[in-house]
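What follows is a set of notes on a single structure, which appears directly below.
Only this structure's heavy atoms are used, side chains among them; waters, hydrogens and symmetry mates stay out. In each ligand, atom 1 is the first atom listed, and ligand 1 is the first ligand listed.
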Amino acid sequence: MESNQSNKNIVWHKGSITKKDRQKLNHHKSMIIWFTGLSGSGKSTLANLVEMALHSEGIRTYLLDGDNIRHGINNNLNFSPEDRKENIRRIAEVGKLFVDAGIVVLAAVISPYAEDRENARSIFGPGEFVEVYVKCPLDECEARDPKGLYKKARAGEIKNFTGISQPYEIPVAPDLVVDTANSNLAESMKLVHEYIKERLQL
Ligand SMILES: Nc1ncnc2c1ncn2[C@@H]1O[C@H](COP(=O)(O)OS(=O)(=O)O)[C@@H](OP(=O)(O)O)[C@H]1O
Ligand SMILES: Nc1ncnc2c1ncn2[C@@H]1O[C@H](COP(=O)(O)OP(=O)(O)O)[C@@H](O)[C@H]1O
């Protein structure tokens with residue numbers, strides 16, 4: 001698919017209501033919290049708990065979960081490195097629209113490649129993209145195996161499985177690290193929740 005980036009015939013229309021206006025209406029800043037980590041590390045569980053906490057405090061949120069997005073807008077993508085790149089690009093672009101709408105976005109996606117995560121970060125303004133590395137060793141993720149996917153991957157029933165037959169590139173400079181093998185759910189959630197809360201004020 002060809003990109004329209006250099007198409008001189010497409011002109012940007014600037015609306016009168018800005019992101020700042022929408023944030024003011026919501027009484028808080030907007031941003032995207034990007035949870036990256038192996039399958040089973042705790043991304044979805046954490047993103048969901050953090051969203052519940054923020055929601056109960058009157059913060060406008062939206063959860064973009066890789067698994068769910070692959071049922072809809074990204075249902076034509078598989079797990080090749082190229083398709084993962086496109087998956088991340090689209091999720092970042094959708095997230096950007098939500099951030100522009102004044103919302104705190106929680107994105108839970110493996111996003112195994114550093115370059116794809118950096119590309120995602122690059123489309124946001126300063127402080128708007130918060131990379132949370134959900135750290136958990138492969139053997140612990142495999143022991144949890146909440147969806148039985150590692151078992152299938154080991155049996156050769158799933159090709160290109162992250163951590164087994166495809167790489168996961170550990171983030172070098174994440175904004176936050178949550179070590180889910182050494183902290184319980186409540187502690188992990190609190191760490192992310194507090195980080196966000198400190199940055200919501202307009
Ligand atoms: N081959 C392979 N590798 C990794 N994961 C796989 C694969 N096949 C299916 N699944 C399921 O898809 C979920 C990952 O989707 P993502 O969109 O987050 O992946 S990626 O960011 O594009 O790498 C992932 O969700 P999580 O377990 O929540 O991470 C799996 O449930
Ligand atoms: N500190 C923790 N944070 C998040 N999940 C944890 C933690 N400790 C144990 N878990 C468990 O690990 C599993 C993670 O699954 P899930 O959230 O689906 O991971 P992912 O979305 O990364 O694939 C869940 O069963 C969850 O209860």
Please work out which of [options] has its closest non-hydrogen atom nearest to [atom].
atom: atom 18 (O) of ligand 2; options: Ser44, Gly66, Ser183; value: Ser44
atom: atom 26 (P) of ligand 1; options: Lys85, Arg117, Lys147, Glu86; value: Lys147
atom: atom 18 (O) of ligand 1; options: Ile110, Ile88, Asn160; value: Ile110

Geometry only, no angles: is Lys43 polar-contacting ligand 2 at N/O separations under 3.5 Å?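 So ligand 2 has an N or O lying under 3.5 Å from an N or O of Lys43.
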
So for ligand 2, is Gly42 a polar contact partner (N or O within less than 3.5 Å, distance only)?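 Gly42 vs ligand 2: N/O contact under 3.5 Å present.
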
Check for me whether [X] has a heavy atom closer than 4.0 Å to any atom of ligand 2.
X: Pro146; value: yes
X: Leu38; value: yes
X: Ala108; value: no

Closest heavy-atom pair and its distance - Ile170, Arg117: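 In this case the closest contact between Ile170 and Arg117 is C-NH2, 3.9 Å.
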
How far apart are the closest heavy atoms of Met189 and Leu49, and which atoms are they?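 Heavy atoms only, the tightest pair is CG-CB, 3.5 Å.
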
Just jot down the salt bridge (charged side-chain N to carboxylate O under 4.0 Å, His left out) partners of Asp179, sequence neighbours excluded, or say none.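 Asp179 satisfies salt bridge (charged side-chain N to carboxylate O under 4.0 Å, His left out) with no other residue.
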
Could you check whether any heavy atom of Lys159 sits closer than 4.0 Å to an atom of ligand 1, since that is the contact criterion I want to use?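 Within the 4.0 Å threshold, so yes.
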
Relative to the heavy atoms of Ser188, which atoms of ligand 2 are at a distance of less than 4.0 Å?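 The atoms of ligand 2 under 4.0 Å from a heavy atom of Ser188 are 1 (N), 2 (C), 3 (N).
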
Report, in ascending order of atom number, the atoms of ligand 2 lying under 4.0 Å from any heavy atom of Thr45.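 Those of ligand 2 that fall under 4.0 Å from Thr45 are 14 (C), 15 (O), 16 (P), 17 (O), 24 (C), 26 (C).
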
Ignoring hydrogens and angles, tell me if any N or O in the side chain of Glu142 forms a donor-acceptor pair with the backbone of Tyr150 under 3.5 Å.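 No; judged by distance alone, with no hydrogens or angles, the pair does not exist.
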
